[in-house]
Amino acid sequence: MSSAAGPDPTEAPEERRFLRALELQPQLPDMGRAELSSNATTSLVQRRKQAWGRQSWLEQIWNTLAVCQSTAEAAALERELLEDYRFGRQQLVELCGHASAVAVTKAFPLPALSRKQRTVLVVCGPEQNGAVGLVCARHLRVFEYEPTIFYPMRSLDLLHRDLTTQCEKMDIPFLSYLPTEVQLINEAYGLVVDAVLGPGVEPGEVGGPCTRALATLKLLSIPLVSLDIPSGWDAETGSDADGLRPDVLVSLAAPKRCAGRFSGRHHFVAGRFVPDDVRRKFALRLPGYTGTDCVAAL
Amino acid sequence: MSSAAGPDPTEAPEERRFLSTAEAAALERELLEDYRFGRQQLVELCGHASAVAVTKAFPLPALSRKQRTVLVVCGPEQNGAVGLVCARHLRVFEYEPTIFYPMRSLDLLHRDLTTQCEKMDIPFLSYLPTEVQLINEAYGLVVDAVLGPGVEPGEVGGPCTRALATLKLLSIPLVSLDIPSGWDAETGSDADGLRPDVLVSLAAPKRCAGRFSGRHHFVAGRFVPDDVRRKFALRLPGYTGTDCVAAL
């Protein structure tokens, strides 16, 4: 695997968290790039420690922030799992989709929901994010929610076709069109799962039906759960001038950079399957999982 | 699918709690061919659920450091593949698995699952001590993933047969995946067989599970669609919450 897509070896892992902290918290004092060499960073921290005689607020930020990945790093992590660890794509999509469904049950526990609130609209795009959505819908059905899928642009990929068959054979309805009038969606469903676009996909790349669906979902008043990144957000900057505002974000494997701008109610990470060595290699620091949970709340 | 592999019409539907070997094969065929599940998918679901069953039977907080060590003995067929996935998930759940997988299948799925375990630093034993006391002392429990329902004990080679002979004398807990290896899947004739403490039935219990007399019997079958369950007239306990296994 080329190192160009891996972490920058000249940056110590601790620095990467520090740099990320700055990017995501612009109200921190302006350090100026010149100070961000390794020696300067270390001495800066030490000076602050001495100044306050306790764990510095920077370190506190480090400890509370989940480290986020750039799009290139996320792609490199996935490539490592597929090529070095020999995970199958079917396996990874199944693990992510199952964990996403578990996250939905944690954010919206079934016993507290009325019959109508259990109805879930899952909007799937044509790429991997959509495949994860299909698996998520199937597990939601197993967990006794009532999913309906809108999957307008069906991939010809074998994995997508098989996942679609599994959902169809489990009697999960597929909508042939999505109402443009958002009030119809608000009234018919209890919540919506956005599995349209993942980090690597440009919004302009997908076709009309997905773009129109996203336009409708922007006006949603029922809860919205986004898988990996809110569809339409820039994965790096989280620029969402025009984008979705999900209530729940389920980061797959590790949070992406744009997750720093997520301001909804719950942020889960579905990354238990990521081996420790991979996590260390990408200098990811993630919350501990309890028991056999496959998702952790951030 | 031929109706010959369907449920026995003389059995009342609400009584059916077990599958014959032929029915188990038919159920799997239906999942693979009609429902288009992938084998990788099913093995992952079964292996993950098996690991969850182990955590329910032997919860981590109650175990000492030595008791967290788990020996997973994997055979060359699908049962062994499930064992490899189970070992990986046990590692994720912070147990300390070690794998004994003497007869490595050349099948791509097995090779990939083996790589995943190796890359996660799960040790693979090159030989299994014939002196069972060494196993009793080194591990807290053993997972038996040697033989599944469709495999004749005589079909597998020497190392697996010897491993089973050693495991019969085990005094630490034993968890068998799907059926206790070496049992006849129909009759449960176990004159010479393993006596597991825990049985984790995959998809649905097999007939021989009727003779299981250990502490815990789990079913790892949440992924089986309702229609398939109805088709085979299976009646099994409900799952709670997001659990993938249910205790019988």
Side-chain angles (χ1 to χ4, degrees), chain A residues 80-95 97-99 101-106 109-111 135 138-145 158-172 271-279 281 288-295, chain B residues 30-45 47-49 51-56 59-61 84-85 88-95 108-122 221-229 238-245:
Chain A
E80 174 129 359
L81 292 178
L82 292 172
E83 294 174 12
D84 294 0
Y85 280 72
R86 303 295 308 164
F87 278 92
R89 199 172 283 281
Q90 191 180 63
Q91 214 173 348
L92 293 183
V93 167
E94 184 77 23
L95 289 164
H98 172 252
V102 171
V104 170
T105 71
K106 285 185 185 291
L110 196 67
V135 176
R138 171 166 41 88
H139 284 280
L140 285 175
R141 165 59 137 242
V142 167
F143 296 154
E144 295 179 37
Y145 290 72
L158 182 63
L159 174 61
H160 280 79
R161 290 201 321 238
D162 286 349
L163 294 175
T164 305
T165 304
Q166 291 161 29
C167 289
E168 288 171 339
K169 295 277 294 183
M170 289 185 70
D171 292 327
I172 300 174
R272 192 137 194 206
F273 59 90
V274 178
D276 283 344
D277 280 357
V278 176
R279 203 173 292 144
K281 176 173 182 172
Y289 298 88
T290 56
T292 55
D293 280 356
C294 49
V295 291
Chain B
E30 173 132 0
L31 292 178
L32 292 172
E33 293 174 12
D34 294 358
Y35 280 73
R36 303 295 308 162
F37 276 92
R39 200 173 281 282
Q40 191 180 64
Q41 215 174 348
L42 293 182
V43 167
E44 184 76 24
L45 289 164
H48 171 253
V52 170
V54 169
T55 70
K56 284 185 184 293
L60 195 67
L84 292 173
V85 176
R88 171 165 43 89
H89 283 280
L90 285 175
R91 164 61 136 240
V92 168
F93 296 154
E94 296 179 36
Y95 290 73
L108 183 62
L109 175 61
H110 280 79
R111 289 202 321 239
D112 286 348
L113 294 175
T114 306
T115 304
Q116 291 161 30
C117 289
E118 288 171 340
K119 296 277 294 183
M120 290 185 70
D121 292 327
I122 299 174
R222 192 135 197 209
F223 59 90
V224 178
D226 282 344
D227 280 357
V228 176
R229 204 173 295 140
Y239 299 87
T240 56
T242 54
D243 281 354
C244 49
V245 291

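To find a chain, count down the sequence lines: A is the first, B the second, and so on, and within it residues start at 1.
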What part of [X] lies closer than 4.5 angstrom to a heavy atom of chain A: side chain, backbone, both or neither?
| X | value |
| --- | --- |
| B:Leu113 | side chain |
| B:Arg91 | neither |
| B:Asp243 | neither |
| B:Leu45 | side chain |

Counting heavy-atom pairs under 4.5 Å with chain B, the top scorer among A:Thr164, A:Asp171, A:Val102, A:Val142 is A:Val142
State, yes or no, whether a side-chain contact exists between B:Met120 and A:Tyr85 at a heavy-atom distance under 4.5 Å. yes
Problem set entry | Side-chain touch B:Lys119/A:Asp84, heavy atoms, less than 4.5 angstrom | yes
Check this for me: B:Glu118, atom CD, are more than 12 non-hydrogen atoms of other residues, nucleotides or ligands nearer than 6.0 Å?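 Buried by this count: over 12 neighbours within 6.0 Å.
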Which answer fits [X], side chain, backbone, both or neither, if we ask what part of it has an atom under 4.5 Å from a heavy atom of chain B?
| X | value |
| --- | --- |
| A:Leu82 | neither |
| A:Leu81 | neither |
| A:Gln90 | both |
| A:Thr105 | side chain |

Under 3.5 Å, is there a donor-acceptor pair between the B:Gln116 and A:Gln91 side chains?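 Judged by distance alone, the side chains do pair up.
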Distance in Å, A:Leu110 CG paired with B:Thr240 OG1, rounded so as to fall on 0.5 Å steps
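Rounded to the nearest 0.5 Å, the CG-OG1 separation comes out at 12.0 Å.
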inquiry  = For the CZ atom of B:Arg222 and the CZ atom of A:Phe143, what is their distance to the nearest 0.5 Å?
reply    =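 The CZ atom of A:Phe143 is 5.5 Å from CZ of B:Arg222, to the nearest 0.5 Å.
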- Has the side chain of A:Arg86 got a donor or acceptor atom that lies under 3.5 Å from a matching backbone atom of B:Arg111? no
